[in-house]
Amino acid sequence: MKIKIFSRRQIEELLREGFPEKTAVISFYDPETSRFIAEDYRPVDYKEKTDRLFQVPLHDIDLSVLPEYGLTYETYFPEADALAEFIYSAKTDGYDIICQCEYGESRSSGCAAAILEHFYKKGISVFTDYRYYPNQVVYHKVLEALEKFYETSKRSFLDR
């Protein structure tokens with residue numbers, strides 16, 4: 001399974017040029033409550049480009065800033081468990097994964113690093129690539145959710 005990181009600009013270009021087959025997308029976009037989005041802002045439109053899409057509105061913030069948004073580590077990114085199931089399903093079905101966020105630097109790279117660490121023990125490759133600034137909260141939430149999903153699935157399989 002290949003994991004790629006894209007910005008909004010890069011993914012929109014790929015969507016125009018020809019989207020690769022058997023590619024799942026994890027798309028992070030700015031929530032309506034973001035302080036930095038334009039009035040006409042919309043998430044990337046993936047209609048008819050992929051049958052595997054996980055889009056989630058998520059603030060690109062650090063642990064220390066969570067309280068300013070009325071969030072805690074536990075309440076930030078509640079979709080992480082569902083994302084872990086999505087990732088495992090894509091891997092099982094032989095899909096590659098694109099992680100995409102607005103600038104392709106933080107949320108998407110944190111997610112990609114977690115996937116690479118969980119499956120291949122290579123998450124550090126994203127952290128050492130100067131193009132990226134992985135969101136550490138996203139990284140930890142996704143990695144924990146993947147590990148939890150794996151443990152739960154393993155127990156379910158053994159209980160059969």
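Only a predicted model underlies this, so the values are computations on that prediction, with no experimental measurement involved.
Residues Tyr103 and Leu14 fall into different hydrophobic clusters, defined by Ile, Leu, Val, Met, Phe, Trp and Tyr side chains chained together at heavy-atom separations under 4.5 Å. Transitive grouping of hydrophobic side chains (ILVMFWY, heavy atoms separated by less than 4.5 Å) keeps Val65 and Tyr133 in distinct clusters. Phe6 and Val138 are not part of a single hydrophobic cluster, where members link through side-chain heavy atoms under 4.5 Å apart. A chain of hydrophobic side-chain contacts below 4.5 Å, direct or via other Ile, Leu, Val, Met, Phe, Trp or Tyr residues, connects Val142 to Leu71. Hydrophobic clustering keeps Leu143 apart from Tyr76 (ILVMFWY residues linked when any side-chain heavy atoms are closer than 4.5 Å, directly or through intermediates).
Taking 4.5 Å as the limit, every side-chain heavy atom of Thr50 sits out of range of all side-chain heavy atoms of Ile98. The side-chain heavy atoms of Phe77 and Val137, taken from C-beta on, include no pair separated by under 4.5 Å. In this structure, Tyr150 and His118 have side chains that are in contact, with non-hydrogen atoms separated by less than 4.5 Å. Contact annotation: the side chain of Ile115 never approaches that of Tyr120 to less than 4.5 Å [non-hydrogen atoms, C-beta and beyond].
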Could you go through the salt bridge (charged side-chain N to carboxylate O under 4.0 Å, His left out) check for Asp93 and Arg52 one step at a time? CA-CA 11 Å; Asp93 294 341; Arg52 299 283 176 105; 2.4 Å; yes
Let me see the working for His59 and Asp30 under side-chain contact (heavy atoms from CB on, under 4.5 Å), right down to the final yes or no. CA-CA 6 Å; His59 290 288; Asp30 295 330; over 6 Å; no
Step by step, work out the side-chain contact (heavy atoms from CB on, under 4.5 Å) result for Leu83 and Cys111. CA-CA 10 Å; Leu83 177 57; Cys111 182; 4.1 Å; yes
Full working for salt bridge (charged side-chain N to carboxylate O under 4.0 Å, His left out) between Asp96 and Lys4: CA-CA 8 Å; Asp96 293 327; Lys4 295 182 180 176; over 6 Å; no
Report the C-alpha separation of Ile26 and Leu53 in whole Å, then their side-chain angles, then the decisive distance to 0.1 Å, and conclude whether the side-chain contact (heavy atoms from CB on, under 4.5 Å) test is met. CA-CA 6 Å; Ile26 301 166; Leu53 174 63; over 6 Å; no
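Within the 3.5 Å criterion, the main-chain N or O of Leu58 finds a donor-acceptor partner in the side chain of Arg107. Using a distance-only test at 3.5 Å, with no hydrogens or angles considered, a donor-acceptor pair links the side chain of Asn135 to the main chain of Ile61. No side-chain donor-acceptor contact under 3.5 Å links Lys121 to the backbone of Leu116. No side-chain donor-acceptor contact under 3.5 Å links Glu151 to the backbone of Lys148. With Tyr132 contributing its side chain and Ser108 its backbone, the two residues share no donor-acceptor pair below 3.5 Å. Judged purely by atom type and a 3.5 angstrom limit, Thr72 uses its side chain to pair as donor or acceptor with the backbone of Thr75. Panel note: side chain Asp45, backbone Lys47; a donor-acceptor pair is recorded below 3.5 Å. Looking at Ser153, its side chain does come within 3.5 Å of a backbone N or O of Phe149 through a donor-acceptor pair.
Rounded to the nearest 0.5 Å, atoms OH (Tyr46) and CZ (Phe19) are 6.5 Å apart. Note that CG of Leu15 and CD of Gln10 are 12.0 Å apart. Values are rounded to the nearest 0.5 Å. Rounded to the nearest 0.5 Å, atoms CD1 (Ile11) and CZ (Arg16) are 11.0 Å apart. To the nearest 0.5 Å, the span separating NZ on Lys22 from CG on Asp51 amounts to 9.0 Å. Rounding to the nearest 0.5 Å gives a distance of 6.0 Å between CD of Glu79 and CZ of Phe54. Put simply, CD on Gln136 and CG on Leu63 are 9.5 Å apart, with the number rounded to the nearest 0.5 Å.
Summarising the local packing, CD of Gln55 is surrounded by more than 12 heavy atoms from other residues, nucleotides or ligands at distances under 6.0 Å.
Residues Tyr95 and Thr23 approach most closely at CD2-N, 3.4 Å, considering heavy atoms. Contact record, Ile5 with Gly104: CG2-O, 3.5 Å, taken as the closest heavy-atom pair. Across all their heavy atoms, Glu105 and Arg131 have their closest contact at CG-O, 3.7 Å. Between Val126 and Ser109, the shortest heavy-atom contact is CG1-O, 3.5 Å. Residues Ala145 and Ala80 share a closest heavy-atom pair of CB-O, 3.3 Å. What you find for Ala24 and Ala90 is that their closest heavy atoms are CB-CB, 4.0 Å.
Seen from the ring of Tyr73, Lys141 counts as a face-on cation partner, given the 6.0 Å and 45° thresholds.
Between the side chains of Tyr139 and Glu144, not a single donor N or O lies within less than 3.5 Å of an accepting N or O. Defined by atom type and a distance below 3.5 Å, a donor-acceptor pair is present between the side-chain atoms of Ser27 and Gln100.
Residues satisfying the salt bridge (charged side-chain N to carboxylate O under 4.0 Å, His left out) criterion with Arg8, sequence neighbours excluded, are Glu12, Glu102. Not counting sequence neighbours, the partners of Phe119 by the ring-ring contact (aromatic ring centres under 6.0 Å, His included) test are Tyr88.
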